[in-house]
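One structure is given below, encoded as structure tokens.
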Amino acid sequence: MHDHPHPAGKNLRFAFFVNFVFTFIEIAGGIWTGSVAILSDAVHDAGDCISLGLAWYLQGVSDREPNERFTYGYRRLSALGALITGCVLIIGLGFVAWESIHRLFEPKPVRAGGMVALAVVGVLANGAAAWRLRSGKSLNEQVATWHLLEDTLGWVAVLVGGTIMAFWDVPIIDPLLSIGISIFVLYNVVRNLKKVGMVFLQASPAGFDVEAFRKEALELPKVVELHDTYTWTLDGERHVIATHLLMRAGTSREEICAAKGELYRLLRNREFEHITIETELEGEHCNSEFPPSAHECDHH
């Protein structure tokens with residue numbers, strides 16, 4: 001048990017409450033000013049609230065000990081949260097983009113002064129939350145930081161648009177900003193969902209080259225081959241690998257342990273949390289193939 005909340009949890013909690021309060025201000029401000037650009041960002045912020053809330057909650061449960069039902073623990077829950085958040089954002093942005101396209105053909109006047117005032121608050125609120133999370137080490141904090149930076153950039157765009165409309169009567173800028181923000185957010189959501197999809201499809205961890213790792217293993221003393229290597233990631237941060245290590249005939253137990261120890265070190269440095277290395281000597285039956293017969297096991 002920890003006596004104090006983990007810093008990541010405290011940072012995510014701060015970002016969640018800032019985003020939560022500001023989302024309601026933003027919805028009210030979007031309705032008051034008549035700006036679909038502000039409403040589109042409100043939808044994005046509502047999605048961020050879900051994302052940050054899940055990130056905050058999952059940060060607390062992700063370190064729970066594995067049990068009989070979840071033998072790898074609860075790491076995969078963070079990817080599930082990202083999937084839910086991404087789907088919510090895409091649906092919301094679809095509604096906002098539809099309204100914005102209609103506004104292109106029938107522009108409506110907006111309260112430019114109100115847009116500018118709300119944009120200033122938006123830049124400050126989201127900028128403060130992003131600043132708080134900027135040095136976070138966990139994946140949850142890093143993803144949340146990008147969300148908040150996107151929000152900040154979106155508000156900078158609203159600030160520029162509102163300032164222009166305060167001096168010139170060009171209401172079409174508002175739906176154009178809304179569509180631009182929606183496209184920008186949608187691009188990043190789809191990009192993140194692709195990463196989540198790779199987690200659920202159990203693709204190799206991003207940045208891990210199985211063939212390069214095999215070549216490193218072959219440089220170790222008495223190692224003949226590394227084969228039947230299977231690897232995937234639990235949540236994008238912590239990874240799993242199972243492999244077979246073939247050693248020269250006559251290799252001693254101490255030499256086998258030394259080779260396995262070096263492989264463990266290399267994998268730990270690559271964020272592998274669950275590592276299974278089976279070993280066999282040249283001429284022995286490989287357990288990844290058909291089970292050995294009884295007479296083949298007599299000498300083991």
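All values below come from the heavy atoms of this structure, side chains included, with hydrogens, waters and symmetry mates left out.
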Please find the pair of heavy atoms, one from [X] and one from [Y], that lie closest to each other, and give the distance.
X	Y	result
Gly73	Pro66	N-CB, 3.8 Å
Ala259	Leu220	O-CD1, 3.8 Å
Gly250	Leu281	N-CD1, 4.2 Å
Trp232	Pro205	O-CG, 3.8 Å

Same cluster (ILVMFWY, side-chain, under 4.5 Å), [X] and [Y]:
X	Y	answer
Phe70	Phe200	yes
Leu218	Leu246	no
Phe14	Leu124	no
Val240	Phe213	no
Met247	Ile275	yes

Keeping Arg76 on the side-chain end and Thr233 on the backbone end, is there a donor-acceptor pair under 3.5 Å? yes
Any donor-acceptor pair under 3.5 Å from Arg248 side chain to Val223 backbone: no
Does any part of the side chain of [Y], heavy atoms only, come nearer than 4.5 Å to the side chain of [X], both counted from C-beta?
X	Y	value
Thr279	His244	no
Leu266	Arg270	yes
Glu225	Arg214	yes
Ile256	Leu245	no
Leu159	Val116	yes

When the aromatic ring centroids of Tyr72 and His274 are compared, is their separation below 6.0 Å? yes
Salt bridge (charged side-chain N to carboxylate O under 4.0 Å, His left out): which pairs involve residues 254-267, sequence neighbours left out? Lys222-Glu255, Glu262-Arg265
What's the separation between atom [atom1] in [X] and atom [atom2] in [Y], rounded to the nearest 0.5 Å?
X	Y	atom1	atom2	result
Arg191	Leu193	CZ	CG	11.5 Å
Ile241	Tyr230	CD1	OH	12.0 Å
Leu118	Phe22	CG	CZ	5.0 Å

Does CZ belonging to Phe20 count more than 12 external heavy atoms closer than 6.0 Å? no
Considering residues, nucleotides and ligands other than Phe24, do more than 12 of their heavy atoms fall under 6.0 Å from its CZ? no
For the residue pair Phe272 and His239, does the interplanar ring angle fall in the parallel (under 30°), tilted (30 to 60°) or perpendicular (over 60°) class? perpendicular
ILVMFWY cluster membership beyond Met198 - transitive side-chain contacts under 4.5 angstrom: Leu201
